[in-house]
Amino acid sequence: MSSASDQLKIDTHCTMDDSLDRTPVNLSPTASALGLPVLHLQPTSTTVTNNATLNVISYDQPSRPLDDFRRRFRKPLAEFTGTMILLIFGTAVDCQVTLGSNRAIAGAEKGSFLSVCMGWGAGAAFGIWASASISGGHINPAVTLVHLLFRGFPLAEFIQYVIAQTAGAFTGSLLVYGIYNQAISVHEGGSAVRTTPGTASLFVTFPLDFMNAATCFFSELIVTAMLLFIVLT
């Protein structure tokens, strides 16, 4: 039985046959028949160490515009998707509970304030779950802003994230509005009737009549600060 050093000596001094045919291999007919991307293979020779050579086969795969776009904007797309999921769950549960209380729409109530809390919580969880491994799962411009100010987040990515999050929020809300459009018309009393706050409060936060601007500001400030503290710790 050869020793480890003998085996090492044999391995490091072996030389592969360098007389291989290096004509490019054309797999187009086979690949096309199978419906696969065409790969153009080209054998190349690369010196490793101690006169040992390794024949490496490289290939070029045709680039597609959609793939290039997805690779370049992978993180913003993840933020778009995560924020859209959050708003779909959140605004949908708002519509379900509020519109479900109207007997012209539903025969019985379709949830309560607890349902609203659970719906928004599920939306946040699923949105983060869908985007965290790719973009960090911010799904909120406030979270991205704090990362920019205190975590060295790149400014260029900050702009991309905020645009993607805003677009995702509008897209998710628009999808839910399309689903509940007829129910909203019944609730409002006509397809051309939309009131504020009224059914607009299903998609936007409005202050109560007794709250002034300062109270609203500090309410949002404290709640957002608590969220960010938990996220950053």
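Basis for what follows: all heavy atoms, side chains included, without hydrogens, waters or symmetry-related copies.
- A distance of 6.0 Å separates NE2 of His187 from CG of Asn102, quoted to the nearest 0.5 Å.
- In this structure, Ser185 contributes its side chain and Asn181 its backbone to a donor-acceptor pair below 3.5 Å.
- Within 6.0 Å of CZ on Arg74 lie no more than 12 heavy atoms contributed by other residues, nucleotides or ligands.
- In this view, Arg70 and Asp67 satisfy the side chain to side chain donor-acceptor pair (under 3.5 Å) rule, not counting sequence neighbours.
- Each ring pair (Phe, Tyr, Trp, His ring centres under 6.0 Å) pair with one or both residues in residues 96-120, not counting sequence neighbours, would appear here, but there are none.
- A distance of 10.5 Å separates CG of Leu86 from CD of Gln165, quoted to the nearest 0.5 Å.
- Shortest non-hydrogen contact noted between Ser173 and Leu87 is OG-CD1, 3.5 Å.
- Val186 belongs to a hydrophobic cluster with Phe80, Met84, Ile88, Leu99, Ile105, Leu175, Val176, Tyr177, Ile179, Tyr180, Ile184, Leu202, Phe203, Val204, Phe206, counting contacts under 4.5 Å between side-chain heavy atoms of Ile, Leu, Val, Met, Phe, Trp and Tyr, direct or through other members.
- Applying the 4.5 Å side-chain rule to ILVMFWY residues, one finds that Phe170 remains a lone member of its cluster.
- For residues 85-108, the ring pair (Phe, Tyr, Trp, His ring centres under 6.0 Å) pairs, not counting sequence neighbours, are Phe89-Phe126.
- For Ser115 against Gly111, the heavy-atom pair with the smallest separation is OG-CA, 3.4 Å.
- The side chain to side chain donor-acceptor pair (under 3.5 Å) check on His147 picks up nothing, with sequence neighbours excluded.
- Atom CZ of Arg103 has more than 12 heavy atoms from other residues, nucleotides or ligands within 6.0 Å.
- When all heavy atoms are compared, the tightest approach of Thr195 to Gly198 is OG1-CA, 3.2 Å.
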Anything under 3.5 Å between a donor and an acceptor, one on a side chain of residues 130-141, the other on a protein residue two or more places apart or in another chain? List them.
| unit_1 | atom_1 | unit_2 | atom_2 | d |
| --- | --- | --- | --- | --- |
| Ser131 | OG | Gly127 | O | 2.9 |
| Ser135 | OG | Glu79 | OE2 | 2.6 |
| Ser135 | OG | Ser131 | O | 3.2 |
| His138 | ND1 | Thr144 | OG1 | 2.9 |
| Asn140 | OD1 | Ala142 | N | 2.9 |

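- In the hydrophobic clustering, where aliphatic and aromatic side chains (Ile, Leu, Val, Met, Phe, Trp, Tyr) are joined below 4.5 Å either directly or transitively, Phe158 groups with Val143, Leu145, Val146, Leu148, Leu149, Phe150, Phe153, Leu155, Ile159, Tyr161, Val162, Ile163, Leu227, Leu228, Val231, Leu232.
- Qualifying side chain to side chain donor-acceptor pair (under 3.5 Å) partners for Glu109, counting only residues two or more places apart in sequence or in other chains: none.
- Thr199 pairs by the side chain to side chain donor-acceptor pair (under 3.5 Å) definition with Glu188, not counting sequence neighbours.
- Across Ala106 and Lys110, no two heavy atoms sit closer than the pair CB-CE, 3.7 Å.
- When hydrophobic residues (I, L, V, M, F, W, Y) are linked wherever their side-chain heavy atoms come within less than 4.5 Å, the members clustered with Leu114 are Met118.
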Show the atom names and distances, to 0.1 Å, of all donor-acceptor pairs under 3.5 Å that link a side chain in residues 214-225 to residues at least two apart or in another chain.
| unit_1 | atom_1 | unit_2 | atom_2 | d |
| --- | --- | --- | --- | --- |
| Thr215 | OG1 | Asn212 | OD1 | 2.8 |
| Thr224 | OG1 | Glu220 | O | 2.7 |

